[in-house]
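To start, the structure itself, in structure tokens.
Atoms considered below: every heavy atom in the structure, side chains included; atoms not considered: hydrogens, waters and symmetry mates. Note that the coordinates shown come from a computational prediction; the quantities given were computed from them, not determined experimentally. Each chain gets a letter, A, B and so on, in the order the sequences are listed, and its residues count up from 1.
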Amino acid sequence: MSADEQHTQSGAQKGRRRRYDARLANEIEPKWQERWDAAGTYRQGNPGDAGFDARKPKFYGLDMFPYPSGAGLHVGHPEGYIGTDILCRFKRMTGHNVLHPMGWDAYGLPAEQYAIQTGVHPAITTKTAIDTYRRQLKRFGFCYDWSREFATTDPKYYRWTQWIFLQIYNAWFDPSANDGAGAARPIAELIAACAAGSLEIGPEGEPVAAGTDGARVWSALDADAQREVIDGQRLAYIGEQLVNWCPKLGTVLANEEVIDGRSERGGFPVHRKPLKQWLFRITKYSDRLIAALDTIDWPSSTRTQQTEWIGRSEGADIDFALNDAPAEFGASLRVFTTRPDTIFGATYMVVAPEHPLVDAVLQASGNDGLREYVGEARNRSDRERQESKKKTGVPLGVTARNPATEKDVPVWVADYVLMGYGHGAIMAVPGQDQRDWDFARTFDLEIVRTVQPEDGFDGNAYLGEGPAMNSGFLDGLNVDDAKRRAIEWLTDSGLGRSRVTYRLRDWLFSRQRYWGEPFPIVWDEDGHHHAVGETTLPVVLPDMEDFKPVESDEPQPTLAKARDWVVTTAGEAGVSGLPADAPVRRETNTMPGWAGSCWYFLRYCDPNNSERLVSEEAERYWMGEAGIDLYIGGSEHAVLHLLYARFWHKVLFDLGHVSTPEPFAKLFHQGMITSWAYQRDDKSLVPIDEVDSDAEGRKHTERATGAAVTRIMAKMSKSLRNVTNPDEIIEGYGADTLRLYEMYMGPLADQKPWNTDDINGMFRFLQRAWRLCVDENTGELRVAKKADAEVERLLHRTIAAVGTDIQKLAFNTAIARMIEFVNRAGSNESKITADQMNRFARLLSPFVPHFTQELWARANEDGFIAQAAWPEFDEAMLKDDEVSMVVQVNGKVRGQVTVASAADKATIESAALQADGIPARLEGLTVRKVIVVPGRLVSIVAN
RNA sequence: GGCGGAGUGGCGGAAUCGGCAGACGCGCUGGAUUCAAAAUCCAGUUCUCGCAAGAGAGUGAGGGUUCGAGUCCCUCCUCCGCUACCA
């Protein structure tokens with residue numbers, strides 16, 4: 001028997017259904033959803049629209065929009081959405097204009113992978129997935145303004161994604177702007193400043209103040225050199241980088257998309273490969289991205305993760321003079337260190353296998369051992385490098401002079417040094433660095449301690465505090481002073497300088513895949529890139545029959561196969577500065593999946609604007625002073641999406657297109673909903689349908705092997721087959737019950753185990769609430785004539801507590817308070833008055849909108865309960881006239897005393913000393929002290 | 001290894017400032033209703049001893065501060081999440 005049948009058997013009378021059961025829920029929920037839709041109940045106008053009340057404060061409540069996959073929603077997905085929905089409904093009832101939108105993040109690798117596997121075009125699979133998601137989400141009765149819905153794959157949307165790319169492309173980072181913090185400015189201003197002579201071009205091709213030593217004036221550069229300078233300053237630029245190349249996916253990936261040397265999507269091996277790619281100069285924003293974290297209300301763990309991802313390290317660059325190095329490399333080797341104070345302990349040096357010194361040495365000498373090692377190291381994937389922490393390396397046959405000790409130290413090549421960080425070269429100080437220690441031990445290199453370890457220290461490298469030793473002029477200084485002194489000495493002697501390094505790299509933005517936004521860029525016959533004209537946007541993704549990538553060791557963008565699309569003319573593409581008939585080829589890379597999600601929250605403010613990405617007025621109103629009021633989504637986006645979106649927003653802010661420096665004023669991560677899974681002894685997981693359990697549910701065995709497995713909690717996943725589909729739960733209980741259950745499981749931020757049995761509790765609660773209001777024999781409302789004073793008092797308290805809890809996102813305790821109200825009011829023979837019912841329904845409505853709407857209608861109230869005002873409460877009703885207090889004797893509860901709540905301490909004390917049973921307890925004892933905490937307890941100390 | 005979070009009944013979880021630990025829900029036990037079951041309703045339900053009144057113990061372990069500690073301090077253990085050869 002299905003849950004549905006069980007619940008409805010006795011209530012399945014003809015005509016108007018009288019009991020609250022699954023059938024009734026599934027009847028009223030779609031009914032009201034249709035009426036809300038038809039009436040536009042959750043439509044929210046913009047400033048200037050008819051009926052828009054500009055005096056109301058705004059509330060922008062945003063969910064991280066989903067990436068629709070073929071599998072549909074599971075019950076974990078809507079958890080955060082239910083939370084935002086409740087808060088947005090509350091805000092609407094408390095007099096706010098509420099922007100609460102939903103849309104689809106639809107470009108990206110998973111959709112394309114799925115399309116390739118099934119042979120169905122990603123445009124079709126994506127549309128199907130979106131339709132499924134929309135249907136499922138609508139069934140929850142969320143108060144989204146669906147008129148603002150869009151997908152990132154809509155040309156009308158990605159037109160502006162491309163437009164933003166062009167703004168970034170046509171911008172440079174002026175380090176002197178913004179009081180020295182630096183800011184993006186239009187590249188036209190840079191060209192104008194150079195042409196006017198207020199900026200000149202430094203030796204590295206960078207703009208410098210006019211008159212700087214060694215600088216050239218703009219007019220002295222030929223057109224190509226000028227172009228090179230400008231292209232070298234763009235915030236979106238072509239750079240050759242060691243990139244993460246994934247042959248299986250046929251694309252390069254951002255560092256953030258590579259986990260343990262494998263692709264985040266699919267888990268395929270990733271190799272490092274030098275490639276020309278589009279990059280964003282996000283590193284220029286490192287300090288601003290760190291500093292602004294203090295201005296926003298985000299979980300501290302997420303702020304910490306972003307800070308560490310950016311990874312600012314203060315230290316020094318030091319140049320070590322090389323002996324016997326190939327002349328073409330130069331005379332010195334530059335390293336970065338965070339511990340310049342330990343330079344006296346630098347007993348050897350290490351360069352990365354990709355370091356230019358290695359190539360120079362290989363060219364100069366036929367060192368076979370070196371060639372072999374470097375070849376192997378370069379071909380090893382990052383994963384292989386990391387799998388074994390065993391140190392490997394070979395000597396380069398070159399030495400360097402340690403400028404502090406004036407001793408020559410050997411230079412090694414080893415793959416524990418990474419080319420991508422610092423200068424790809426280190427001074428190794430085994431005494432103070434564990435990796436160097438391990439390496440020195442492996443190859444029997446000298447170890448010198450330069451910091452005196454604490455007494456009793458018996459480890460290897462010592463990283464702690466202590467006075468410098470074996471360090472000449474630094475001896476005796478603590479670590480911080482020694483660092484400072486060492487940098488002074490390096491600077492004075494011209495051997496080095498203080499320097500800040502970041503772990504963050506420039507953001508690799510191009511992909512070789514089909515399912516993404518095309519770049520608004522064309523290439524001319526000389527190999528120069530040009531922006532397409534803004535009026536020709538969007539550059540529409542061509543519809544390709546053959547969208548399969550070429551699995552290969554060499555990148556081959558899928559779009560290159562769309563020959564008719566690729567080949568065009570400058571005129572066609574709206575390129576300025578080229579003859580209209582000049583042949584150009586379109587950029588065949590596409591943008592990564594992150595592009596669309598970097599600014600979608602702006603588009604919701606004004607989704608149909610065809611003139612601008614968002615109107616200034618709508619942006620200013622909805623983003624307000626500080627940005628989005630509440631953004632809820634999973635913590636897995638702590639560094640990727642949330643960092644990229646902040647970066648785009650800051651560029652747009654600098655260029656004057658948005659009015660807030662940060663997009664998300666308050667961020668909240670909902671916890672994961674977990675489910676049972678089974679684990680073998682080796683920690684590998686077993687799907688739940690391959691396990692048998694005994695009657696008590698204590699012993700579990702894997703069917704195939706008969707081996708015992710342990711029951712654990714794990715993420716819901718298709719492969720473990722422990723996924724619950726919300727459609728089934730709604731069928732068996734209704735969406736209102738599911739909404740309540742997910743909010744009642746525990747604190748929104750916590751990880752929580754799914755337990756279908758627990759849903760009954762919420763279902764019964766709604767049944768009791770229904771019975772409190774509706775006569776099950778007639779279906780009519782049952783209304784008391786006279787209010788019970790206790791129930792009235794409790795209602796005021798419940799309203800106060802629920803309002804507070806909703807704003808704290810403490811929905812579990814809010815629901816508990818409402819259950820208490822129903823339990824108490826329901827045990828009262830006379831039930832509740834029409835007025836009490838009205839207030840109670842409004843109180844409950846953010847949680848169970850359909851249920852309360854139905855009560856609202858049965859009470860013949862006009863309009864929709866969602867548009868009613870939040871019920872008020874009277875402060876005076878929150879206090880009792882009398883309070884019952886506990887009396888403790890020597891820390892143990894020994895009695896109770898009831899006093900007027902206004903009673904003073906002396907009155908309470910004397911009442912407590914005479915309370916039932918207390919005088920007997922105190923017999924033969926001397927009262928030493930009496931502590932009175934009004935309203936709580938009296939503590940008597942006696943001996 | 002680093003960073004972050006958490007340990008409370010059989011289970012999920014409550015507990016403003018340190019103030020009656022276990023709200024609320026599940027499950028379980030007993031009862032009502034029923035030919036019977038399901039559903040529903042009522043009562044009970046931290047553990048130990050006790051017929052009971054009651055007494056004692058109790059928030060991962062150990063110590064400390066306090067009239068009073070789940071909450072604050074110290075030492076340790078366990079689990080989870082993120083991250084990782086970043087010089």
Side-chain angles (χ1 to χ4, degrees), chain A residues 1 3 5-11 19 21 259-260 299-305 307-309 311 313 315 335-339 342 350 382 385-386 388-389 391 414-418 420-429 432-436 438-439 501-505 635-636 638-639 669 671-672 674 712-713 715 740-741 744-747 749-762 764-765 767-768 771 776 804 810 812-813 815-820 823 826-827 884-893 896 928-931 933 935-942:
Chain A
M1 189 182 280
E5 284 166 318
Q6 282 176 17
H7 299 142
T8 54
Q9 230 174 49
S10 60
R19 282 189 63 187
D21 54 26
I259 293 162
D260 288 344
S300 65
S301 60
T302 303
R303 296 203 317 256
T304 305
Q305 276 184 60
T307 305
E308 287 178 356
W309 186 264
S313 313
V335 301
F336 172 75
T337 176
T338 54
R339 294 294 300 275
T342 62
V350 186
D382 281 5
R385 285 197 198 184
Q386 282 165 23
S388 126
K389 300 246 162 163
K391 295 286 179 287
D415 66 3
Y416 82 92
V417 171
L418 310 175
Y421 184 78
H423 305 290
I426 61 161
M427 65 175 202
V429 187
Q432 265 74 231
D433 184 292
Q434 189 59 43
R435 294 156 302 179
D436 296 345
D438 293 340
F439 191 83
T501 298
Y502 300 89
R503 207 184 86 121
L504 182 72
R505 319 285 162 76
S635 58
E636 68 273 18
V639 282
H669 298 305
M672 191 168 49
T674 55
I712 57 153
M713 279 299 164
K715 193 172 180 167
L740 269 186
Y741 170 62
Y744 191 67
M745 293 172 80
D750 288 10
Q751 190 180 108
K752 298 166 287 282
W754 180 266
N755 183 6
T756 301
D757 285 349
D758 286 345
I759 297 172
N760 275 319
M762 292 303 101
R764 286 178 198 148
F765 160 58
Q767 290 179 321
R768 286 198 300 277
R771 200 157 46 238
E776 295 191 328
T804 310
N812 54 333
T813 49
I815 294 166
R817 298 301 293 252
M818 292 189 291
I819 294 172
E820 276 181 275
N823 290 350
S827 65
S884 168
M885 289 171 60
V886 166
V887 183
Q888 291 185 345
V889 177
N890 291 334
K892 294 214 176 276
V893 178
Q896 298 264 331
R928 299 288 174 197
K929 199 171 169 186
V930 178
I931 294 140
V933 185
R936 296 228 183 250
L937 55 58
V938 180
S939 181
I940 300 166
V941 187

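- Classification of B:rC11 as anti follows from a glycosidic angle more than 90° from 0.
- Residue contacts shown for A:R303 are absent, as no nucleic acid heavy atom lies under 4.0 Å away.
- The partner of B:rC26, taking Watson-Crick or G-U wobble pairs whose two distances both stay under 3.5 Å, is B:rG10.
- Residues A:V938 and A:V886 fail the side-chain proximity criterion, which asks for heavy atoms closer than 4.5 Å.
- B:rA57 is paired with B:rU46 under the Watson-Crick or G-U wobble criterion, all donor-acceptor distances under 3.5 Å.
- Taking the six-membered ring for Trp and the full ring otherwise, A:W309 and A:Y502 have centroids separated by 6.0 Å or more.
- The residue among A:P747 and A:V886 whose nearest nucleotide of RNA chain B is located toward the 5' end is A:P747.
- If you measure from atom CD of A:Q751 to atom C1' of B:rG5, you get 10 Å, rounded to the nearest angstrom.
- For A:L937, the side-chain atoms get nearest to B:rC20 when compared with the rest of B:rC20, B:rU40, B:rC85.
- Atom pair A:E308:CD and B:rG1:C1' shows a separation of 13 Å (rounding to whole Å applied).
- Its glycosidic angle being more than 90° from 0, B:rG30 falls on the anti side.
- Positionally, the nearest nucleotide of RNA chain B for A:V941 lies more toward the 5' end than for the other of A:V941 and A:F336.
- In this entry B:rU40 has B:rA32 as its Watson-Crick or G-U wobble partner, both defining distances falling under 3.5 Å.
- Residue contacts for A:K892: at a heavy-atom cut-off of 4.0 Å it reaches the sugar-phosphate backbone alone, with no base atom in range.
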Which pairs, protein N/O on one side and nucleotides 22-26 of chain B N/O on the other, fall under 3.5 Å?
{"from": "B:rC24", "atom 1": "O2'", "to": "A:Y744", "atom 2": "OH", "distance (Å)": "2.6"}
{"from": "B:rC24", "atom 1": "O2", "to": "A:Y744", "atom 2": "OH", "distance (Å)": "2.4"}
{"from": "B:rG25", "atom 1": "OP1", "to": "A:N823", "atom 2": "ND2", "distance (Å)": "3.0"}
{"from": "B:rG25", "atom 1": "O4'", "to": "A:Y744", "atom 2": "OH", "distance (Å)": "3.0"}
{"from": "B:rC26", "atom 1": "OP1", "to": "A:R764", "atom 2": "NH1", "distance (Å)": "2.7"}
{"from": "B:rC26", "atom 1": "O4'", "to": "A:D758", "atom 2": "OD1", "distance (Å)": "3.4"}
{"from": "B:rC26", "atom 1": "O2'", "to": "A:D758", "atom 2": "OD1", "distance (Å)": "2.7"}

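- Nucleic acid contact class of A:T338 (heavy atoms, under 4.0 Å, all strands): sugar-phosphate only.
- Proximity note for A:I931 (side chain, C-beta onward) versus B:rC20, B:rC67, B:rC85: the nearest is B:rC67.
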